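This report refers to the structure that appears directly beneath it.
Just so it is clear, the model here is predicted, and its values are computed rather than measured.
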Amino acid sequence: MERLLTHRWPEVAATAGSLRPQLDAVLTGGAAGPSLIRRLAPTLGMHTADLFVVAGLDLPQDLVPASGTKPWHVGTVLERAARLAPQSLRRLHEFVRSLPEHPPAWPPVRPRHSYPLGPGEMMLRLLRNRNIGPYSPKVLYFIGDGPMVSFSTMGMLGPGRTKLTPQYVTAFATVLGIPDDDLAAVAGVAAATNPRLHRHHVELARLAWDARRLTGDQLSEVLDVGRRLG
């Protein structure tokens, strides 16, 4: 959180107002509380739920994604959507937005493995914040030019046994729809140069966000529509 604030400080400071003492405290090693996160997210142009993750806080009930939707998850949808023609992708996204929202299970289903919040674990938690998981190297590869690795290799980002490289940072940023310089600041790892991104990566990232609270049955419907469109 401190790195992100430092990176974005000129614009944050310009609109800080009454938040300035709290922000100064975070910049000197203090923790950001939930109320600060909710007020700060619009200034940073980030989803509030993502900023909770960056701050190392548990998501409140109103911001949790769906969980326990096996065998489907949003990564499964993205793998299908990434292969669609532009018009078909738009139609699939429209279908996702048309689906009624059901409050996700509370408390959410916990992942089998969770590690202290280092840079790699943060990236995986941001993926889980879109119900993408548990590990989705194909999604990173097809959309964000991520490394083609095994599920286990990607999973080892959590405990730091797989090195978080610039290629990973840019791939995560692209799939998440977060500017790569912001995510690089959060991770303390530079973004990649000249990545080969999916030509519709912006819409795919928006689709992922809009699908994050769909139930398993709804995700199955989305996949059926995707198959018919593709």
Side-chain angles (χ1 to χ4, degrees), residues 1-16 19 23 26-27 32 36-57 59 63 65 74-75 77-78 81-82 86 89-90 93 96-97 117-133 135-147 154 157 163-212:
M1 186 69 183
E2 179 183 345
R3 288 173 174 166
L4 180 61
L5 283 181
T6 300
H7 174 62
R8 299 286 296 276
W9 184 246
E11 59 201 277
V12 171
T15 58
L19 296 179
L23 294 171
V26 173
L27 287 171
L36 175 62
I37 295 300
R38 289 184 185 272
R39 294 180 64 183
L40 187 58
T43 299
L44 294 171
M46 291 185 68
H47 295 295
T48 304
D50 284 344
L51 200 55
F52 267 85
V53 173
V54 170
L57 300 176
L59 291 172
L63 296 179
V74 174
V77 171
L78 288 178
L89 175 57
R90 286 193 294 272
H93 196 175
V96 166
R97 287 195 294 252
L117 192 62
E121 174 67 7
M122 184 180 296
M123 301 295 143
L124 297 180
R125 290 187 192 184
L126 286 168
L127 280 191
R128 291 199 292 268
N129 204 18
R130 285 147 181 77
N131 192 22
I132 299 173
Y135 311 117
S136 300
K138 287 183 180 179
V139 170
L140 294 186
Y141 177 77
F142 287 130
I143 299 174
D145 196 26
M154 184 170 166
L157 286 168
K163 183 180 179 181
L164 185 67
T165 63
Q167 187 179 12
Y168 270 120
V169 169
T170 294
F172 275 104
T174 304
V175 171
L176 296 167
I178 297 174
D180 61 359
D181 61 328
D182 284 351
L183 204 60
V186 167
V189 177
T193 56
N194 302 316
R196 297 173 297 174
L197 306 180
H198 192 288
R199 59 178 179 159
H200 303 303
H201 65 89
V202 173
E203 178 140 18
L204 288 165
R206 291 172 179 163
L207 170 64
W209 182 262
D210 290 337
R212 68 189 287 269

Name all pairs fulfilling the salt bridge (Lys or Arg N to Asp or Glu O under 4.0 Å) condition that reach into residues 170-180, sequence neighbours left out, sorted by first residue then second. none
How long is the span from the CE atom in Met154 to the OH atom in Tyr168, to the nearest 0.5 Å? 7.0 Å
Roughly how far apart are Ile143 CD1 and Thr174 OG1, rounded to 0.5 Å? 9.0 Å
Who pairs with Pro42 by side chain to side chain contact (heavy atoms under 4.5 Å, CB included), at least two apart in sequence or on another chain? none
Considering the options Leu127, Ile178, Val139, which one meets the side-chain contact (heavy atoms from CB on, under 4.5 Å) requirement together with Phe172? Leu127
In short, Asn131 meets Pro65 closest at the heavy-atom pair N-CB, 4.2 Å
State, to 0.1 Å, how close Ala208 and Ile132 come at their nearest heavy-atom pair, and which atoms those are. CB-CD1, 4.3 Å
Does the pair Leu117 and Met122 meet the rule for a side-chain contact (heavy atoms from CB on, under 4.5 Å), with working shown? CA-CA 6 Å; Leu117 192 62; Met122 184 180 296; 3.9 Å; yes
Say whether, by atom type as modelled, one donor and one acceptor occur between the side chain of Arg39 and the main chain of Leu19 under 3.5 angstrom. no
Evaluation steps, side-chain contact (heavy atoms from CB on, under 4.5 Å), between Met1 and Leu51: CA-CA 8 Å; Met1 186 69 183; Leu51 200 55; 3.9 Å; yes
Would you name the heavy atoms of Trp209 and Ala49 that are closest together and state the gap between them? CH2-CB, 3.9 Å
Can you list the residues that meet the side chain to side chain contact (heavy atoms under 4.5 Å, CB included) rule with Ala171, with sequence neighbours excluded? Leu140
Any chance you could lay out the side-chain contact (heavy atoms from CB on, under 4.5 Å) test for Leu23 and Trp9, step after step, and finish with the verdict? CA-CA 10 Å; Leu23 294 171; Trp9 184 246; 4.0 Å; yes
Please collect all side-chain hydrogen bond (donor to acceptor under 3.5 Å, both in side chains) contacts where either partner lies in residues 43-52, sequence neighbours excluded, each pair once. Asp50-Asn129, Asp50-Arg130
For Glu2, the salt bridge (charged side-chain N to carboxylate O under 4.0 Å, His left out) test, sequence neighbours excluded, returns none
Between CG of Leu4 and CG of Asp181, what distance do you get to the nearest 0.5 Å? 9.5 Å
Testing the basics here: between Arg3 and Val186, what is the closest heavy-atom pair and its distance to 0.1 Å? NH1-O, 3.4 Å
With sequence neighbours excluded, what pairs up with Asp145 under the side chain to side chain donor-acceptor pair (under 3.5 Å) test? none
Verdict with supporting geometry, Asp182 and Leu44, side-chain contact (heavy atoms from CB on, under 4.5 Å): CA-CA 9 Å; Asp182 284 351; Leu44 294 171; over 6 Å; no
Partners passing salt bridge (charged side-chain N to carboxylate O under 4.0 Å, His left out) against Arg128 (at least two apart in sequence or in another chain): Glu121
Show me the donor-acceptor pairs, under 3.5 Å and distance only, between side chains in residues 187-207 and residues at least two apart or in other chains.
residue: His198; atom: ND1; partner: His200; partner atom: N; Å: 2.9
residue: His198; atom: NE2; partner: Ala82; partner atom: O; Å: 2.7
residue: Glu203; atom: OE2; partner: His93; partner atom: ND1; Å: 3.2

Where do Ile37 and Ala32 come nearest, in terms of heavy atoms and distance? CD1-CB, 3.9 Å
Check side chain to side chain donor-acceptor pair (under 3.5 Å) between Arg38 and all other residues, then give those that pass, not counting sequence neighbours. Asp62
Give the minimum heavy-atom separation between Val53 and Arg125, together with the two atoms involved. CG1-CB, 3.7 Å
